[in-house]
Amino acid sequence: MTETFRALLIEDRDGKPVAGFRDLTRDALPDHEVLVEVAYSTLNYKDGLAITGKGRIARRLPMVAGIDIAGTVVESRSDRWQPGDKVIVNGWGLSETEWGGYSRFQRLKPEWLTRLPEGFSLQDAMAIGTAGYTAALCVDALEDWGAIRPGGAEVLVTGAAGGVGSTAISLLSAKGYAVTAATGRPETHDYLAGLGATGFVDRATLAEKGGPLQKERWAGAVDSVGSTTLANVLAQTNYGGAVAACGLAGGFDLPATVMPHILRAVALLGIDSVMAPQAKRDRAWATLAAHLDKAHLASIARVEPMSKLPELAADIVAGRIRGRVVIDVAG
């Protein structure tokens, strides 16, 4: 295959990962069983770290970045997939150990693919992306634990204006939960209220060191920040409550004690979206299909061309991105 197409490739330059656009051929792609023509990818915080070089995300180089894919099967050596199938891929080490979505074509293992749910377009699926799929995993986990109930005590969402937070607020509100949004950007309050948030907390108050047990406030929480924020959220969670933790935008440390866990029976639920089994993925996408308001989805996401990835990556790392960014791989 000599036809070339553009990809964003991270390469080693003097011991440092550097991202840049390169022309590839299909022969350069990994030797996996399913060839997908990629229509859209997304921009996640992890993508921003990888592209800017501010985080060692790619564990082998060269690496095509992009942790999400939505596209159409072109060729398949697997009985599970046929040309013309519409598919999505979230996680599975894309952009870390496996080549990812910032490429017009990509070869993928058949077990990584999820069939595009009915009612969603490829663009819709990437407006949701790993961030929205992770939010659904968090909501499913909190409900499974039994800590939250419609009409009950408030559920806190940290990193509220980000991709995980925005989708979590929309899902929780649609399911009848009272949602409080933690954000440091007052200009996003109208946007978050439109998604269903009924209360607001300044994220700065959660970023300050607090006591190991604080006033009980939350039935549960979705946290994508980590560090001191997560420690304070745990300390403020009601007896028998739970916190679904899925991110580390504020740091990977956790300066907490066991006191909320052993004195208030508070659960810390770790949410992994990268290697989650297919049953959890299917359930999360079913949750999204059933409860995510399409009008909210339109307000959460915007589409940008792949050519703008370098500047968009800098913006998301600096906290200047609201909601979701869908990447048009042809752009």
Side-chain angles (χ1 to χ4, degrees), residues 1-72 74-75 87-109 111-113 126 129-131 163 247-249 251-252 273-275 303-321 324-331:
M1 294 288 183
T2 57
E3 177 188 357
T4 62
F5 51 89
R6 195 166 61 152
L8 185 70
L9 197 67
I10 301 174
E11 301 174 280
D12 184 287
R13 293 186 192 171
D14 301 322
K16 295 181 180 179
V18 177
F21 291 107
R22 296 286 183 268
D23 288 332
L24 302 178
T25 67
R26 296 187 195 182
D27 290 338
L29 299 175
D31 186 24
H32 296 319
E33 295 94 322
V34 184
L35 177 67
V36 172
E37 182 175 6
V38 182
Y40 299 99
S41 185
T42 67
L43 178 70
N44 295 278
Y45 185 75
K46 186 183 288 186
D47 296 315
L49 293 175
I51 294 169
T52 60
K54 294 184 181 297
R56 287 273 183 171
I57 302 302
R59 286 182 262 166
R60 63 179 181 87
L61 299 174
M63 174 64 63
V64 172
I67 68 173
D68 284 322
I69 288 175
T72 304
V74 176
E75 300 172 0
V87 297
I88 51 180
V89 185
N90 307 114
W92 295 120
L94 298 191
S95 193
E96 299 179 63
T97 59
E98 304 288 347
W99 279 21
Y102 298 154
S103 172
R104 188 60 176 165
F105 293 92
Q106 195 54 269
R107 281 200 177 94
L108 303 153
K109 293 183 179 180
E111 59 267 28
W112 295 345
L113 308 182
M126 291 295 94
T130 286
L248 41 71
F252 59 79
S273 63
V274 176
M275 303 303 291
V303 180
E304 297 285 1
M306 189 165 71
S307 59
K308 291 182 66 175
L309 272 172
E311 59 192 89
L312 291 167
D315 285 343
I316 198 169
V317 170
R320 294 190 291 266
I321 295 289
R324 299 281 296 141
V325 177
V326 177
I327 301 300
D328 182 350
V329 175

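Sequence positions, counted from 1, serve as the residue numbers for this chain. What you see below is based on every heavy atom in this structure, not just the backbone, and it leaves out hydrogens, waters and symmetry mates.
The minimum heavy-atom distance linking S103 with V64 is given by the pair CB-CG1, 3.9 Å. Between T97 and R60, the shortest heavy-atom distance links the atoms O-NE, 2.7 Å. Pairing each heavy atom of D68 with each of S41, the nearest pair is O-OG, 2.6 Å. Considering every non-hydrogen atom in both G66 and S95, the closest pair reads N-OG, 3.4 Å. Across all non-hydrogen atoms, the minimal contact from M63 to E98 is SD-O, 3.2 Å.
Side-chain atoms of L61 and P17, non-hydrogen and from C-beta on, do get closer than 4.5 Å to each other. Between V36 and W112 there is no side-chain heavy-atom pair separated by less than 4.5 Å. In this structure, the side chains of V87 and V34 stay at 4.5 Å or more apart for every pair of heavy atoms. Looking at R26 and F5, their side chains come closer than 4.5 Å, going by heavy atoms from C-beta outward.
Atom CG of residue L108 and atom CD1 of residue I69 lie 4.5 Å apart, to the nearest 0.5 angstrom. Residue R59 holds its CZ atom at 5.0 Å from CD of E96, rounded to the nearest 0.5 Å. In this structure, L94 CG and Y102 OH are separated by 11.0 Å, a value rounded to the nearest 0.5 Å. Here the straight-line distance linking atom OG of S307 with atom CD1 of I327 works out to 9.0 Å at 0.5 Å rounding. Once rounded to the nearest 0.5 Å, the distance linking OG1 of T130 with CH2 of W92 reads 11.5 Å. Once rounded to the nearest 0.5 Å, the distance linking CG of D23 with OG1 of T25 reads 10.0 Å.
Between R104 and E37 a salt bridge is recorded (basic side-chain N to carboxylate O distance below 4.0 Å).
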Query raised in the report: Checking side chain to side chain contact (heavy atoms under 4.5 Å, CB included) for the pair Y40/I88: CA distance, chi angles, key distance, verdict?
Result: CA-CA 10 Å; Y40 299 99; I88 51 180; over 6 Å; no

Requested in this report: List the steps and the verdict of side chain to side chain contact (heavy atoms under 4.5 Å, CB included) for D47 and I316.
Outcome: CA-CA 9 Å; D47 296 315; I316 198 169; over 6 Å; no

Query raised in the report: Run the side chain to side chain contact (heavy atoms under 4.5 Å, CB included) check on K46 and V274 step by step: do they pass?
Result: CA-CA 12 Å; K46 186 183 288 186; V274 176; 4.0 Å; yes

Requested in this report: Please lay out, stage by stage, how R6 and R22 fare under the test side chain to side chain contact (heavy atoms under 4.5 Å, CB included).
Outcome: CA-CA 6 Å; R6 195 166 61 152; R22 296 286 183 268; over 6 Å; no

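A side-chain donor from one of N44 and T42 sits under 3.5 Å from a side-chain acceptor of the other.
Using a distance-only test at 3.5 Å, with no hydrogens or angles considered, a donor-acceptor pair links the side chain of R324 to the main chain of M126. W99 contributes no side-chain N or O that, together with a main-chain N or O of R107, makes up a donor-acceptor pair within less than 3.5 Å.
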What donor-acceptor contacts under 3.5 angstrom involve side-chain atoms of residues 49-58, with partners at least two apart or in another chain?
residue, atom, partner, partner atom, Å
T52, OG1, G48, O, 2.7
T52, OG1, L49, O, 3.4
T52, OG1, K54, N, 3.3
R56, NH2, G15, O, 2.8

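Counting only residues at least two apart or on different chains, the salt bridge (charged side-chain N to carboxylate O under 4.0 Å, His left out) pairs with a member in residues 308-317 are E304-K308, D315-R320.
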